[in-house]
Amino acid sequence: MASYEDLTSLSVRRGFLWPAVDLYGGFAGFYDYGHNGVLLRRRWEDLWIETFLGLSDNYYLIDTTTILPEAALQASGHVEHFTDILVTCTRCGESYRGDHLLEAATHEEHEGLTAEEIDTRIRDLKVRCPNCGGVLGPGRPFNMMFPVGVGPTGKDHAYLRPETAQGVFLNFKREFEALRRKLPMGLAIVGRAYRNEISPRQGAYRMREFLQAELQIFFDPETFGDLVPLGELSSIPVRVAWADEKNERGAHDLPAKDFVARGLPSWYVWHLVQVQRFYLDALRVPREAFRFAELDEKERAFYNRIHFDIQVRQESLGGFKEVGGVHYRTDHDLKGHEAGSHVKQSVTFGSRKLVPHVLELSFGVDRNAWALLDLSYQKTDRIVLRLPPRLAPVPAAVFPLVNKDGLPEKAESVYAALRKRLVVFYDDSGSIGRRYARMDEIGTPFSVTVDHETLEGKGVTVRERDSQKQIRVAEAELSGLLARLLSGEAVFAA
RNA sequence: GCGUGGGUAGUCUAACGGUAGGACUUAGGCCUUCCAAGCCUACGACGCGGGUUCAACUCCCGCCCCACGCACCA
């Protein structure tokens, strides 16, 4: 159980993350990572890459620019759909989306109007503030994308990318050739994206600059289901909250085949199962703290036909919170870029000529890192981060039991040998108990102590974080055993 | 963006219109044969800017930042 304050305090004290630029009073929506935060995040990324690129031998990582010219984001639909005209009441100060006000007054769609057009219609229709009846002020455009002036004149309009996905779509044809024209093809990016959030909140949850890990899978909708057959997965229970249950606190289990019975494509359900495995088995998220949440048509982004959020229940954020999503984007993006660029995006695969469809597995890296901190946090007489061993920033530490009798020298040589294979931390300050406690706070699963018996050739002790129990291990077997404990090949048995 | 509450060492917290105190942490030392022990020492703070005042951490104004509620979240 971790309160928001518990986690921010620990994060700052132990070098995970904190508000950016706090030297100058802070910068809302931006966070910096310290040494342990970066290690945690990178271990999550490694596991993500291993898991999701491992779904096929034709899935790869690419890397693309974070600044995109207006034309590309026009074609993707972001320039239009990302800009809202906001209107503020001059009396009570409430803000509204101009198109929503007009829609309520006329029951007609008013998409894509300029601020001036909205002002004119509000005046003509005598629309007043729905809250207090006051006079509405002038409309002003608000774009969720950060504009960037490129070149000496700044006249070449560009934006910081609002999602990594567009970088993949822009490179689809290049990679389809380079990867020798095979479907399905998966292209992933782990990189930064930027959104000018109106009010960033809750630490790493809603930021203006954040890390995404996204895999775009290009496939032929006619055959994809045969390539990833549900088979024995069809009876696997999947945690879900349907759109009409989204406000409920929990979720229920439903066999995968029942999702298909409800009309979802079997290949989509197959990927839900894989994502759930990643959370439950690899990240060790407790079953009751995980769920997919269905989004109905009103909640979905303009490009998604099927959309389930991936949610993790976090005490510090007040319940289930989105950490990712599984999005069926159809051929929306490639068709959009085909129309915008006048470059054909259709390809020939087998006997079919088609514009491939896209399934997007999208994850917020910062949100996932935060969720891990939240779920791992345990406070009794001391604080312990019960991270899965593989995700711990520092997997092992080495201490001399006392600083005399040649123990520090021996411990340093054990440390020197271990660090050739692992990230290890050496500490000889304070009492032995204090050193264990320090490692517990950053989630280090195993601590090695050199004592007097070590000098007699009786090996070292290995202490496990969660049980505080110890086993004695011969020096020659130490690094091999630690490696097996971390990978999960061996279990700690005291 | 609106409203409410708030901002004092790394963390948690106290007080005051006149020398900003403690606890924990950290570093060094003594001691120590396994879970934040004890003793000594040291480092370290009033979010930023302006105003009032002989004097402002304290009062006033503006800004920044944080939490919560509303709105927003393609």
Side-chain angles (χ1 to χ4, degrees), chain A residues 3-6 8-15 18-31 34 73 76-84 86-97 99-100 111 129-132 137 140 142-145 162-163 165 193 195-203 205-208 295 298-304 307 309 316-318 322 327 380-384 399-405 407 429-441 447-455 460-465 467-470 472:
Chain A
S3 72
Y4 183 80
E5 287 71 25
D6 286 338
T8 51
S9 170
L10 180 73
S11 290
V12 170
R13 279 191 297 111
R14 291 304 185 194
W18 46 76
V21 206
D22 57 359
L23 208 54
Y24 289 89
F27 193 28
F30 298 88
Y31 273 74
L73 291 161
S76 69
H78 286 86
V79 170
E80 184 189 332
H81 288 91
F82 233 71
T83 303
D84 296 327
L86 291 184
V87 178
T88 303
C89 172
T90 55
R91 191 198 294 174
C92 71
E94 281 283 347
S95 288
Y96 306 93
R97 278 178 54 172
D99 57 336
H100 285 183
E111 291 245 331
C129 173
N131 182 43
C132 73
R140 62 206 145 78
F142 179 78
N143 194 315
M144 292 274 290
M145 294 194 291
E163 57 172 0
R195 297 178 193 183
N196 197 4
E197 296 287 352
I198 294 174
S199 60
R201 286 282 167 90
Q202 295 189 305
Y205 185 71
R206 194 186 299 174
M207 297 197 290
R208 290 183 165 133
L295 271 71
K298 258 191 94 155
E299 301 168 314
R300 292 200 296 265
F302 57 93
Y303 48 73
N304 286 329
H307 179 164
D309 272 349
S316 64
L317 300 180
E322 176 192 359
H327 312 133
T380 49
D381 52 322
R382 71 212 158 104
I383 294 167
V384 183
F399 315 133
L401 182 58
V402 288
N403 292 316
K404 59 181 188 182
D405 305 333
L407 292 186
S429 85
S431 67
I432 190 75
R434 180 180 294 260
R435 288 177 237 155
Y436 288 142
R438 275 195 282 250
M439 300 319 292
D440 287 342
E441 284 201 344
S447 295
V448 175
T449 300
V450 167
D451 59 14
H452 289 91
E453 290 180 55
T454 309
L455 299 181
V460 298
T461 63
V462 176
R463 174 256 196 195
E464 198 233 359
R465 178 192 66 201
S467 65
Q468 295 183 259
K469 293 202 167 130
Q470 291 181 308
R472 193 160 276 278

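What you see below is based on every heavy atom in this structure, not just the backbone, and it leaves out hydrogens, waters and symmetry mates. The chains referred to below are lettered A, B, ... by the order of the sequence lines, with proteins before strands, and numbering in each begins at 1. Just so we're clear, the structure is a prediction, and the values are computed from it rather than from any experiment.
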**Item:** Interatomic distance at P, B:C43 relative to B:U4, whole Å
**Value:** 43 Å

**Request:** Could you tell me whether the side chain of A:Glu464 and the main chain of A:Ser467 form a donor-acceptor pair under 3.5 Å?
**Result:** yes

**Item:** Between B:U11 and B:G18 - C1' atom distance, rounded Å
**Value:** 30 Å

**Asked** With a 4.5 Å heavy-atom cut-off, do A:Met145 and A:Asn196 have their side chains touching?
**Response** no

**Prompt:** So do the side chains of A:Arg382 and A:Tyr436 get within less than 4.5 Å of each other, counting heavy atoms only?
**Reply:** no

**Prompt:** How are the rings of A:His327 and A:Tyr303 set to each other: parallel, tilted or perpendicular (split at 30° and 60°)?
**Reply:** perpendicular

**Message:** Work out how far the C1' atom of B:A42 is from that of B:A9, and round it to whole angstrom.
**Reply:** 14 Å

**Item:** Within-4.5 Å side-chain heavy-atom neighbours: A:Leu401 and A:Glu453
**Value:** no

**Request:** Between A:Asp22 and A:His452, just flag the one whose closest nucleotide in RNA chain B comes earlier from the 5' side.
**Result:** A:His452

**Prompt:** Between A:Glu163 and A:Arg195, is a side chain to side chain contact (heavy atoms under 4.5 Å, CB included) present by the stated rule, with each step listed?
**Reply:** CA-CA 9 Å; A:Glu163 57 172 0; A:Arg195 297 178 193 183; 4.2 Å; yes

**Asked** Between A:Tyr4 (OH) and B:G69 (P), how many Å, whole number?
**Response** 12 Å

**Message:** Does any part of the side chain of A:Leu295, heavy atoms only, come nearer than 4.5 Å to the side chain of A:Glu322, both counted from C-beta?
**Reply:** no

**Message:** Say we look at B:G7 and B:G47: how far apart would their C1' atoms be, to the nearest angstrom?
**Reply:** 7 Å

**Prompt:** Does the side chain of A:Tyr24 get closer than 4.0 angstrom to OP1 or OP2 of B:G47 through an N or O atom?
**Reply:** no

**Asked** Side chains of A:Pro162 and A:Leu73: closer than 4.5 Å at any heavy-atom pair?
**Response** yes

**Request:** Have a look at A:Gly318 and say if it touches a base, only the backbone sugar-phosphate, or nothing, with a 4.0 Å heavy-atom cut-off.
**Result:** nothing

**Message:** Using whole Å, what does the distance between atom P of nucleotide B:G1 and atom CG of A:Asn143 come to?
**Reply:** 16 Å

**Whole-Å gap separating C1' (B:C31) and CG (A:Asp405)** = 13 Å

**Request:** Starting at atom CD of A:Gln202, determine the distance to atom C1' of B:C65, rounded to an integer number of angstrom.
**Result:** 16 Å

**Prompt:** Which part of the nucleic acid, if any, lies within contact of A:Phe27, taking any heavy atom under 4.0 Å across all strands shown: a base, the sugar-phosphate backbone alone, or nothing?
**Reply:** sugar-phosphate

**Nearest-angstrom distance from the residue atom OH of A:Tyr205 to P of B:C66** = 17 Å

**Asked** What pattern of brackets, bars and dots sums up RNA chain B from 5' to 3', given Watson-Crick or G-U wobble pairs under 3.5 Å, [ ] for crossing pairs and | for another strand?
**Response** (((((((..((((....[..)))).(((((.......)))))....(((((..]....))))))))))))....

**Message:** Quick check: do A:Arg465 and A:Val384 have side-chain heavy atoms less than 4.5 Å from each other?
**Reply:** yes

**Message:** Measuring only the C1' atom in each nucleotide, how far is B:G10 from B:G49? A whole number of Å is fine.
**Reply:** 26 Å

**Prompt:** Any donor-acceptor pair under 3.5 Å linking the side chain of A:Thr8 with the backbone of A:Tyr4?
**Reply:** yes

**Any A:Pro19 side-chain heavy atom under 4.5 Å of A:Tyr31 side chain** = yes

**Message:** So, taking the atom named NE2 in A:His452 and the one named CG in A:Leu407, what distance separates them when rounded to the nearest 0.5 Å?
**Reply:** 4.5 Å

**Request:** If a protein heavy atom is under 4.0 Å from the base, mark B; if only from the sugar-phosphate, S; if neither, -; do that for nucleotides 34-42 of chain B going 5' to 3'.
**Result:** BBBS-----

**Item:** Distance between P atoms of B:U8 and B:A71 (Å, rounded)
**Value:** 31 Å

**Message:** Does a side-chain N or O of A:Ser429 approach OP1 or OP2 of B:G28 to a distance below 4.0 Å, or not?
**Reply:** no

**Message:** In whole Å, measure the gap between the C1' atoms of B:C46 and B:C16 for me.
**Reply:** 12 Å

Atom pairs, protein N/O to nucleotides 71-73 of chain B N/O, distance under 3.5 Å:
from  : atom 1 : to       : atom 2 : distance (Å)
B:A71 : O2'    : A:Ser95  : O      : 3.1
B:A71 : N1     : A:Ser199 : OG     : 3.0
B:C72 : N3     : A:Arg206 : NH1    : 3.4
B:C73 : OP1    : A:Arg97  : NH1    : 2.4
B:C73 : O2     : A:Arg206 : NH2    : 3.2

**Asked** Rounded to the Å, how far apart are A:Leu23 CG and B:G7 P?
**Response** 21 Å

**Message:** Any non-hydrogen side-chain atom of A:Phe399 less than 4.5 Å from a side-chain atom of A:Ile432?
**Reply:** yes

**Asked** Just how far, in rounded Å, is P of B:A74 from CG of A:Asp99?
**Response** 13 Å

**Request:** Using the C1' atoms only, state how far B:U41 lies from B:C68, rounded to an integer number of Å.
**Result:** 44 Å

**Asked** For RNA chain B, whose closest nucleotide is more 5', that of A:Asn403 or that of A:Gly203?
**Response** A:Asn403

